[in-house]
Amino acid sequence: MKTGKKHRGIHSLQFRFFSCIALAAAIFVIVMLLLNLLFFQQYYLLQKKAKLTATYKEIYLQYNNNTDIPVDALRELENRNGIRISILNVFGQSVYDTIYQYDRDSRIGSGLLDPFGRSIYVYDEEELQEKGYTFSRLNEVNGRITSIALIGRLGNQYTILLRIPTTALQEDQSVNFIFLMFSGLIALLVCLLSGYLIGRNFTRPISEMTEVADSIARLDFSKQYTGKDGDELGELGRSLNQMSDILESSIQDMQQINAQLQREIEEKQHIDDMRREFIVNISHDLKTPIALIQGYAEGLRVGINESEEDKNYYCDIIVDEARRMNHLVRQLLDLSRIELGNTVPNLSEFDAYELAEAVVEKTQVMWQEKHLHVDLSGIGEEILRADYDMLERAVMNYMTNAIDHTPEGGLIRLATTADTRHMVLTVRNQGSMLDPEEMDNIWEKFYKLDKSRTRVSGGGSGIGLSIVRAIMRAHDGGCGVRNVEDGVEFYLSLPRTEPQQQPEA
């Protein structure tokens with residue numbers, strides 16, 4: 001599954017953020033240039049008219065009805081504001097002009113001549129009478145505005161003409177436009193660089209959270225968001241870390257549950273297999289004695305026997321096979337009761353040597369018949385705490401198993417060993433060794449080894465060692481088998497306990 005680990009290219013958030021800033025900066029620069037081209041001249045003229053108006057009002061307040069106009073003050077105003085001032089009397093004669101000579105022939109009519117008579121300042125007489133001042137129409141030479149003029153009244157004696165040359169307007173506009181272009185380009189580059197740095201810093205937490213999310217999608221929870229920001233992105237990153245931890249914990253729990261379910265399924269399958277195997281094995285083991293009993297019983301019924309000896313022989317066969325079936329059923333019942341916990345060990349303390357000696361005596365006829373030697377010298381003075389009858393049965397199964405598979409004249413050795421936690425009783429016999437692959441299987445019910453390879457366990461039924469395992473589990477102990485140099489050694493392990501103190505009389 002492709003998750004797009006790092007979303008580079010035109011679809012990345014960083015690129016889009018950078019593009020937005022670049023577009024905004026470019027629009028700002030373009031709008032600024034357009035405003036300069038379209039409205040700079042009008043703004044320039046408005047500012048000049050405002051300056052002319054302020055100058056006129058200042059002169060009007062200071063020199064109204066004053067026939068003696070200080071030349072120095074007028075020059076100071078001209079120098080300070082960059083304005084040319086001309087004052088005409090009621091006859092239209094120039095009484096003050098710092099730049100041009102007096103032109104006594106100039107008159108105020110439909111227009112006003114400059115001191116050289118090169119242009120006429122046309123104005124609105126009604127507005128002049130109403131407001132006290134007015135602006136003349138803009139003078140143009142070859143389509144260019146040359147000056148802005150204000151014509152006003154100073155009392156009833158003088159007419160004032162205030163002029164600002166605008167010949168530098170076009171040049172100023174061109175220089176201003178070029179300056180704006182360069183400054184706009186520099187500002188655009190600065191905005192682009194700032195947009196890149198800000199976009200990278202802004203999208204860095206998002207990129208880190210994207211990597212964390214991709215790792216979570218791959219069920220890799222090792223990555224964590226490391227940002228320390230206290231804003232919404234920081235909270236989102238910490239929430240992502242929390243979600244990752246919860247998912248990891250949940251998935252681990254689910255894996256454990258799945259593993260447990262898998263084990264239960266396997267156990268159930270194993271139980272089903274054992275049930276089917278049990279039915280097959282018990283059917284096989286009961287089929288032969290039932291067939292024999294049925295056959296000999298029918299023979300007795302039809303009187304096939306010709307003598308009392310044959311009749312007794314038939315009866316003995318029937319009794320032996322019935323005893324065999326009874327033994328098998330009793331073993332199965334005992335095994336089931338122990339495995340189901342219906343048989344609880346009745347714990348008591350007894351000497352290990354006495355238990356081994358009792359088992360050897362009960363099997364004496366069997367091992368003497370094969371001329372076997374039994375060695376009890378390895379049994380110590382350990383005190384066992386267990387159910388005597390159940391433990392005797394376990395050792396008896398080991399002993400009969402050893403007798404069956406020890407060669408004629410061989411040796412069987414019983415011994416005990418102990419450490420701080422366990423006491424171990426072993427039954428060792430000479431003979432062929434076990435295949436390591438078979439060592440776990442021999443404890444299963446009805447499992448029988450190939451006689452050509454080794455032995456048959458559990459007195460031929462395949463249940464004896466299963467009973468031993470069930471007995472030891474009921475005692476919280478263990479059992480097992482291992483190959484030794486000259487044969488096989490079976491062992492029982494019990495938790496070790498100290499002898500209880502007898503109360504004083």
Side-chain angles (χ1 to χ4, degrees), residues 25 27-64 69-88 94 96-100 108 111-116 118-154 158-188:
I27 292 175
F28 174 78
V29 172
I30 293 173
V31 170
M32 189 170 58
L33 294 176
L34 289 176
L35 290 175
N36 180 73
L37 286 174
L38 298 175
F39 302 105
F40 177 75
Q41 180 172 303
Q42 289 84 342
Y43 178 77
Y44 181 86
L45 295 175
L46 287 174
Q47 292 297 316
K48 295 303 181 182
K49 287 182 178 182
K51 183 178 289 188
L52 288 173
T53 302
T55 304
Y56 164 75
K57 290 181 179 180
E58 184 177 353
I59 295 173
Y60 181 84
L61 292 174
Q62 295 182 14
Y63 305 110
N64 190 20
I69 301 175
V71 175
D72 292 339
L74 294 176
R75 287 180 178 176
E76 193 274 332
L77 282 174
E78 288 181 319
N79 293 331
R80 175 158 51 89
N81 296 324
I83 298 175
R84 296 176 183 177
I85 303 174
S86 296
I87 300 177
L88 305 176
S94 177
Y96 172 81
D97 196 310
T98 55
I99 299 178
Y100 302 110
I108 298 177
L112 187 65
L113 296 173
D114 68 8
F116 292 117
R118 291 177 300 183
S119 61
I120 297 176
Y121 294 94
V122 181
Y123 60 91
D124 187 346
E125 183 67 28
E126 293 182 0
E127 185 179 5
L128 179 63
Q129 293 297 331
E130 181 181 349
K131 295 175 58 177
Y133 69 93
T134 185
F135 289 95
S136 71
R137 297 178 184 176
L138 299 176
N139 293 329
E140 296 185 4
V141 177
N142 298 327
R144 293 187 176 184
I145 301 172
T146 59
S147 65
I148 306 172
L150 181 145
I151 300 168
R153 300 292 188 187
L154 290 177
Y158 299 103
T159 300
I160 186 169
L161 176 64
L162 304 177
R163 308 180 306 282
I164 295 179
T166 58
T167 54
L169 175 59
Q170 300 297 329
E171 181 180 355
D172 290 344
Q173 188 174 9
S174 299
V175 173
N176 186 53
F177 182 76
I178 294 174
F179 175 76
L180 285 177
M181 284 187 61
F182 281 106
S183 61
L185 180 60
I186 294 174
L188 180 61

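If you read the sequence from its start, that first residue is 1, and numbering goes on from there. Just the heavy atoms: all of them, side chains too, but no hydrogens, waters or symmetry mates, feed the values below.
Interatomic distance, CD of E76 versus CG of N81, reported as 8.0 Å (0.5 Å rounding). Rounded to the nearest 0.5 Å, atoms CZ (R163) and CD1 (I148) are 13.0 Å apart. To the nearest 0.5 angstrom, I164 atom CD1 is 10.0 Å from L45 atom CG. Taking CG of L128 as the reference point, atom CD of E130 lies at 10.5 Å (rounded to 0.5 Å). With rounding to the nearest 0.5 angstrom, the CD atom of Q47 is 12.0 Å from the NZ atom of K49. For the atom pair CG (L161) and CG (L52), the distance works out to 9.5 Å, reported to the nearest 0.5 Å.
Within 6.0 Å of the CD atom in Q42, the count of heavy atoms belonging to other residues, nucleotides or ligands exceeds 12.
Partner F135 forms a side-chain contact (heavy atoms from CB on, under 4.5 Å) with one of I151, L162, L150 and no other, that one being L150.
Across every non-hydrogen atom of I85 and E78, the tightest pair is N-OE2, 2.8 Å. The two atoms that bring Y60 and L154 nearest to each other are CA-CD2, 3.9 Å, heavy atoms only.
Applying the side-chain contact (heavy atoms from CB on, under 4.5 Å) rule to Q129 yields the partners E125, R153; only residues at least two apart in sequence or on another chain are considered. Residues forming a ring pair (Phe, Tyr, Trp, His ring centres under 6.0 Å) with Y133 (at least two apart in sequence, or on another chain): Y56.
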Set out, in order, the CA-CA distance, both residues' side-chain angles and the distance that settles side-chain contact (heavy atoms from CB on, under 4.5 Å) for I87 and L74, then state yes or no. CA-CA 10 Å; I87 300 177; L74 294 176; 3.8 Å; yes

